There are 2 protein chains.
Amino acid sequence: MADPGRLERLERRVRELEEELAREKRGRGAGRARIDTMSPEVTDSNPYSRLMALKRMGIVKDYEKIRTFTVAVVGVGGVGSVTAEMLTRCGIGKLLLFDYDKVELANMNRLFFQPHQAGLSKVQAAEHTLRDINPDVQFEVHNYNITTLDNFEHFMDRISNGALEEGKPVDLVLSCVDNFEARMAINTACNELGQIWMESGVSENAVSGHIQLIIPGESACFACAPPLVVAANIDEKTLKREGVCAASLPTTMGVVAGMLVQNVLKYLLNFGTVSYYLGYNAMQDFFPTMSMKPNPQCSDHNCRKQQENYKKKEAARPKEEVIEKEEEIVHEDNDWGIELVSEISEDELKAASGPVPELPEGISVAYTIPDKEENFTAGETVAESEESLEELMAKMRNM
Amino acid sequence: MADPGRLERLERRVRELEEELAREKRGRGAGRARIDTMSPEVTDSNPYSRLMALKRMGIVKDYEKIRTFTVAVVGVGGVGSVTAEMLTRCGIGKLLLFDYDKVELANMNRLFFQPHQAGLSKVQAAEHTLRDINPDVQFEVHNYNITTLDNFEHFMDRISNGALEEGKPVDLVLSCVDNFEARMAINTACNELGQIWMESGVSENAVSGHIQLIIPGESACFACAPPLVVAANIDEKTLKREGVCAASLPTTMGVVAGMLVQNVLKYLLNFGTVSYYLGYNAMQDFFPTMSMKPNPQCSDHNCRKQQENYKKKEAARPKEEVIEKEEEIVHEDNDWGIELVSEISEDELKAASGPVPELPEGISVAYTIPDKEENFTAGETVAESEESLEELMAKMRNM
């Protein structure tokens, strides 16, 4: 016989098809039962065995602590949905999801959503899938635009009170949005609340991205410096703008989500070095890192206030209390407080030319922060009113 | 043969079951309709609009060409499943999937598989999900271990003939396996066939990984040098070994799959710089790149033969024909043909101490290639027989 294995393969295929058909007819028995305690037991039926193994490998001291944390993900698109899925599979305690978009077939070139979900709201579709994947995680989803006045107030409230223990703030806010207004809203909220958050972004040409850790008062906020992108040796005009059909790739978005959640895990579970800024240039496989101090002249008064608080706290803190994570980051004074923590030397940085702030080779600003409009126009959304969120917030507080 | 009609009956049964299963699935109304031509039209219902936008952005000249390519993915676990999903969402022409494992709840800490799929074969579950995501892709799945004798022969046959146009070889083979034997089998097959492939791997402690492009005769094969890993400043003894419950993270595996498929897209669609080796150290967010020439004393005679062919081809090739992709990679002669294409200097490389081959800081060998056993033991699998695949192949060809 020409192919001796053919008979065996056909027999196996028949058995497989029969099993699949039986399962299909039974109807999809979705999900798994809840699990009370994370166990390190090495069995095929333990969804946490490979995570708890991080302890045995000496990487994480106390992995089960993951269950005590709450993370808010703002924007459940190409980066945010994968971010939420990774955190869900890692067994995070609680996830808050914010988005106001619907799933479209045009999103199918990124991971996570599936064609049969087209038309559903992104948060609703995401919650459904994520609950099936891990019923141990608590979900709270909000199908609204955080930049409108009343939604922004609600968003601030949930960030401040939406932890596992109601009334406590979330542990981290992750920005996975795709526009300037939404990033600015998150920045405004986190500066006011002193909430630690991480930014993420992917360029409009789909071949670069970045993540950034923002500790109010300690590292540069979104208003301190224009948003940074890893330029990809292409025309800068093609970078993220309003109203253009952006290109996107599941690869770039998957890498950015992976870098983001890895940074979240390192931050929450206290292992490795947490990155303040990590870029990804897919064209050259170049991954620049750096950190930036806040701008003392930042336009956000809450950022300036947080800077004062941080200075006081640092001055009062005895040396022994400095935690390891912070020791690993070198802070030196220069105009913009930019220090590189990677392979690019201080000299190379100083020699680099480019827009303010001075940036290492390969990184440039995505766009500059628009001038504030002085005319007040009552409008439902910040984007529509063309007014700064800060001003709107001030108005709201005076109401 | 005892029952001459058995083969025909089994083939008929497979067809019947496939039809019934398709009918059953259609009833659920999953997925979307097939699309004949990739359109750049910017509508919510076009799943390819964001990919075709790569042309308008000046990144890819001819994105629709993706539909003409066939990629084989060997190993559909934490890296392979995400790799297959990314290629499916990018609209690859045809995917061949090879795995012999079943989905378990213990896999739920990585992306892709869902709890309701526990018990299904990985290739079967993957095909089902991927078809729903993109019915334009052709799938061919094989639920077997490629390292057994007859399966290896069948694997070689499908790599050589399984392209969109039956009889033509696949465009790329991607190794997403988690063990030495399977990697060695892929290496043996690709050296014999002159098949270009990419390797991927994640360390047992879950915090480092790598991808590697192997062009037989041109860059180092898996037998030329021991497999490389990006060491994560931890005890080397915790790196990948047989029989240990490895830790894994959806983050690290998502990043490695993203780097791998990005390299595949750059290679197939001819944009950016294709990386010969790209590592990922999650603890320090360090991403070393380098390239390695083949070892003239490689133990695989087909690798040595491919090296001779490559030398002849290079000598005969007129300068004008050198394609751009290759021009970007610097080749210099040294003992091991190692050149760095990243931030680490030649001097730093030479100063680095470590096992042969000399490697840049941060990269070390995962394990050495075991000595060949001279005793022949008839056994079903290569792993069981403890004999080299090469020897088994030679024996098989003489049968």
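A, B, ... follow the sequence lines: proteins, then strands. Residue 1 opens every chain. Small disclaimer: the values here were computed from a predicted structure and weren't measured.
Ion pairing between Glu16(B) and Arg13(B) holds under the 4.0 Å rule for side-chain N and carboxylate O. The residues Asp136(B) and Arg131(B) are annotated as not salt-bridged, no charged nitrogen and carboxylate oxygen being separated by less than 4.0 angstrom. Salt-bridge annotation for Lys122(A) and Asp101(A): present, with a side-chain N of the basic residue lying under 4.0 Å from a carboxylate O of the acidic one.
A 6.0 Å sphere centred on OH of Tyr100(B) holds no more than 12 heavy atoms belonging to other residues, nucleotides or ligands.
The most heavy-atom pairs under 4.5 Å with chain B, out of Ala53(A), Gly258(A), Ala106(A), come from Ala106(A). Ranked by heavy-atom pairs under 4.5 Å with chain A, the list Gln114(B), Gln117(B), Gln124(B) is led by Gln124(B). Taking Glu8(A), Glu11(A), Met52(A) one by one and counting their heavy-atom pairs under 4.5 Å with chain B, the maximum is reached by Glu11(A). Counting heavy-atom pairs closer than 4.5 Å to chain A, the top-ranked of the candidates Thr83(B), Val255(B), Asp44(B) is Asp44(B). Each of Val264(B), Leu260(B), Asn134(B), Ile133(B) has some count of heavy-atom pairs under 4.5 Å with chain A, and the biggest count is that of Ile133(B). Taking Glu85(B), His154(B), Met86(B), Arg89(B) one by one and counting their heavy-atom pairs under 4.5 Å with chain A, the maximum is reached by Arg89(B). Of the listed residues (Asn263(A), Leu111(A), Val14(A), Thr43(A)), the one with the most heavy-atom contacts under 4.5 Å to chain B is Leu111(A). In terms of non-hydrogen atom pairs under 4.5 Å with chain B, the most contact-rich of Val261(A), Val42(A), Asp285(A), Asn46(A) is Asp285(A). For the set Gly254(B), Pro47(B), Ser49(B), the entry with the most heavy-atom pairs within less than 4.5 Å of chain A is Pro47(B).
The two residues Cys90(A) and Tyr63(A) come nearest to each other via the heavy atoms O-OH, 2.7 Å. Minimum interatomic distance between Glu204(A) and Ala246(A) (heavy atoms only, all atoms of both residues): CG-CB, 3.4 Å.
Interface residue Arg110(A): backbone and side-chain heavy atoms are both found under 4.5 Å from chain B. With a threshold of 4.5 angstrom between heavy atoms, Asp157(B) does not approach chain A through any atom at all. In this structure, chain A has no heavy atom under 4.5 Å from any part of Tyr48(B). Neither the backbone nor the side chain of Thr88(B) comes within contact range of chain A, judged by heavy atoms closer than 4.5 Å. Proximity to chain B involves both the backbone and the side chain of Glu18(A), based on heavy atoms less than 4.5 angstrom apart. For Leu265(B), the part sitting under 4.5 Å from any heavy atom of chain A is the side chain, from C-beta outward, and nothing else.
Partners of Arg12(A) by side chain to side chain donor-acceptor pair (under 3.5 Å), not counting sequence neighbours: none found. In this structure Thr251(A) satisfies the side chain to side chain donor-acceptor pair (under 3.5 Å) test together with Gln262(B), sequence neighbours excluded.
Between His142(B) and Phe155(B), the gap from one ring centroid to the other reaches at least 6.0 Å.
Between atom CZ of residue Arg50(B) and atom CG of residue Leu249(A) there is a gap of 12.5 Å, rounded to the nearest 0.5 Å.
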